[in-house]
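For reference, positions follow the sequence shown, starting with 1. Source: prediction; values computed, not measured. Each ligand, and each atom within it, is numbered from 1 in the order the structure gives.
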Amino acid sequence: MTNLNRRTVLSLAALAGLAPAGDAFAAGALSVGSFTHGVASGDPLSDRVVLWTRFVTPDGAPGQLRWEVAQDEAFARIIAKGSANASPFNDYCAKVDASGLPAGGRYFYRFLSASGASPIGRTRTAPAGGRDPLTIALFSCSNLPFGYFNAYAHAATREDIDLCVHVGDYIYEYARGTYPSANETLRNRWIEPAGEIILLSDYYQRYASYRADPDLQELHRLKPFALVWDDHEITNNTWWEGAQNHQPQSEGKWVDRRAAAFKAYNDWMPIRTFANEPLRIYRRLDWGNTASLLMLDTRLIGRDEQLDWQDALAPVLAKGEAAVLKAVGDLAQGRLIDPKRSLLGTKQEAWLTAELSRAKARGTDWAVLAQQVIFGQQFGASEAARLLPADASGRNKQFITLTGELAKRGLEWNLDSWGGYPAARARLTAAMEQFGPAVSILSGDSHNAWLNDIAGAKRLAAVEFAGGSVSSPGFERTLSKAADGERESVIRAANPLLKWADVTNRGYGVLRYAPNALSAEWVASNDISARSAGAKSITKLAVETGASGLSGWMLA
Ligand SMILES: [Fe+2]
């Protein structure tokens, strides 16, 4: 810092009445600047939590800040403090892992600068033991130009939520007017930059654009988050070595884009990553003996390339039914069931099995697998064809016909989900049944809400809550000619282990884990074309655990 800047800092700090104690100046003067995107916290453990803010100085130089955690909102009882740096190398995001905090507490935190304090955030630490209930809010698929983030606004009003879990598609990578189209884009919900995000600076701008949303920013201020990415934080249908929406000829090397997406995610999100393991986001967060929350990466780190029915069938469609059926059989009996096909990767899969065993050995009641793509089987419904509107596109008609025909042959339609990696799914199902405590799977990605029972060899291996979407549209857009509840009943009739579904509304899940029970709510949002913190409806569901294992989903 130049002398001029230092003098400016000192005088402005004095004017603001915030001149810090001499020792802080000895350690480095606080900077002048502004907090541009509020505060956030995340990944609470029993003694620490990640704190986040973004602070920009007038000349773009690194910003020197202090942080404080207190037991009271007036910051009279400060229990931890330190310094933080908002560097241009991290897009001016400052992150600290505030440690030495008492377990199971609720705290206030803030950052201090020479221009004043940040907004005051609220956070908490996990209990170190015991069986206090854990209440999670589950979010996925928040596409800003499609609508208002009413799900976030509703969750911000609830005192009972301990932790917000976002399982991905927190942002979308597309250019303006792509998804949603220009016609579907809500007025005043513009994203920056205008083009598809490819470079690190693009990803940074997109996060800044999303985090300017007041409902998202306020929820981050009020609740700690635990986040994992899905594909759109990188680009559509990502796998380890590429993605459907990445063209190396025009968009550069895949490894560069992958690294840019990770860096932006790590800088902007209040997550704890691994200094020696770049691109690793899978990790564990324990909540006493109530739950072991296992945040997984099914999207990138160990994923083999997706298979796709339409790609496989396209070359033979004109050759007649026999050729089509042969192509279906070749894929279904060939590459699809290859035991080497991986979704988690060898290392994460071994880690997960060990974590399930660890949770059981510690007497933990629940293993909660927070991850991206739907785990349960998904079969198409031939009956769904009558729910297509008269002006349905040829593509949609073909898709619904194909998924129904596949289902008649016992084949699932969604090969981007666990259904495209059946050997990996069978291994994890066996591991959950054999080694784990009660297992609850949380999923996103699909834009509709599904509650599945996951069958093991002898008993239920898990229950899955696949959590709808904050704003991205789902099947209701394709199957639009349906009476109330008709879409849901048609799809449920084709999927015996699908215990409940909402294929109509946007929203989020609330899951409360207690020693012998899981109670859940599906909170359907008010119309997302207008900003609202209300809810259209709340459906209550429950699972019990006992000597014979999980009961499966029931309406409560
Ligand atoms: Fe999505």
Side-chain angles (χ1 to χ4, degrees), residues 137-152 164-181 184-186 189 191 196-197 203 206-207 209-211 213 216 225 227-239 243-246 261 264-265 268-269 281 295-300 303 306 308 343 370-376 378 396 399 413-420 441-450 464-479 501-509 522 524-525 528:
L138 172 67
F139 302 98
S140 60
C141 298
S142 34
N143 186 322
L144 188 140
F146 263 120
Y148 285 95
F149 290 162
N150 292 341
Y152 294 150
C164 294
V165 172
H166 199 301
V167 291
D169 292 359
Y170 180 102
I171 60 165
Y172 283 73
E173 82 278 15
Y174 299 109
R176 280 184 195 169
T178 307
Y179 182 71
S181 68
E184 292 170 312
T185 299
L186 210 60
R189 300 282 286 173
I191 43 167
E196 183 177 327
I197 54 175
Y203 282 94
R206 189 60 57 86
Y207 281 107
S209 168
Y210 268 65
R211 278 283 261 288
D213 179 89
L216 175 56
F225 271 62
L227 304 115
V228 282
W229 57 32
D230 195 9
D231 49 341
H232 293 288
E233 286 90 341
I234 308 160
T235 189
N236 186 51
N237 283 4
T238 298
W239 59 289
Q244 176 273 333
N245 193 24
H246 181 74
Y265 189 78
W268 271 84
M269 296 295 174
I281 60 165
M295 309 296 298
L296 305 185
D297 180 1
T298 62
R299 182 47 73 182
L300 181 69
R303 181 185 271 255
Q306 296 87 341
D308 187 295
L343 192 58
Q371 51 96 53
Q372 296 76 13
V373 290
I374 294 189
F375 191 86
Q378 295 173 277
N396 284 349
F399 175 76
W413 66 268
N414 187 353
L415 303 187
D416 181 56
S417 73
W418 283 90
I441 301 176
L442 307 180
S443 319
D445 182 63
S446 82
H447 303 183
N448 290 121
W450 320 92
E464 177 177 36
F465 191 121
S469 86
V470 172
S471 64
S472 303
F475 266 124
E476 72 286 344
R477 196 159 70 150
T478 311
L479 304 175
D502 180 342
V503 195
T504 302
N505 297 291
R506 309 281 72 78
Y508 73 105
W522 164 247
S525 293
I528 60 166

(message) Going by salt bridge (Lys or Arg N to Asp or Glu O under 4.0 Å), name the residues that satisfy it together with D297, two or more places apart in sequence or in a different chain.
(response) none
(request) Return the set of residues passing side chain to side chain contact (heavy atoms under 4.5 Å, CB included) with A243 (not counting sequence neighbours), or none when no residue passes. (result) T235, T238, H246, W254
(request) May I ask you to decide whether R303 forms a salt bridge with D231, counting only side-chain N to carboxylate O separations under 4.0 Å? (result) no
(message) Would you call the rings of F146 and Y179 parallel, tilted or perpendicular, taking 30° and 60° as the class edges?
(response) perpendicular
(message) With 2.8 Å as the threshold, which protein atoms of type N, O or S lie near the Fe ion (ligand 1)? Leave waters out.
(response) C141 SG, D169 OD2, Y172 OH, H447 NE2
(message) For a quick check under 3.5 Å, do W418 and Q371 share a side-chain donor-acceptor pair by atom type?
(response) yes
(request) Taking side chain to side chain donor-acceptor pair (under 3.5 Å) as the test, write out the residues that go with Y172, two or more places apart. (result) D169, H447, S472
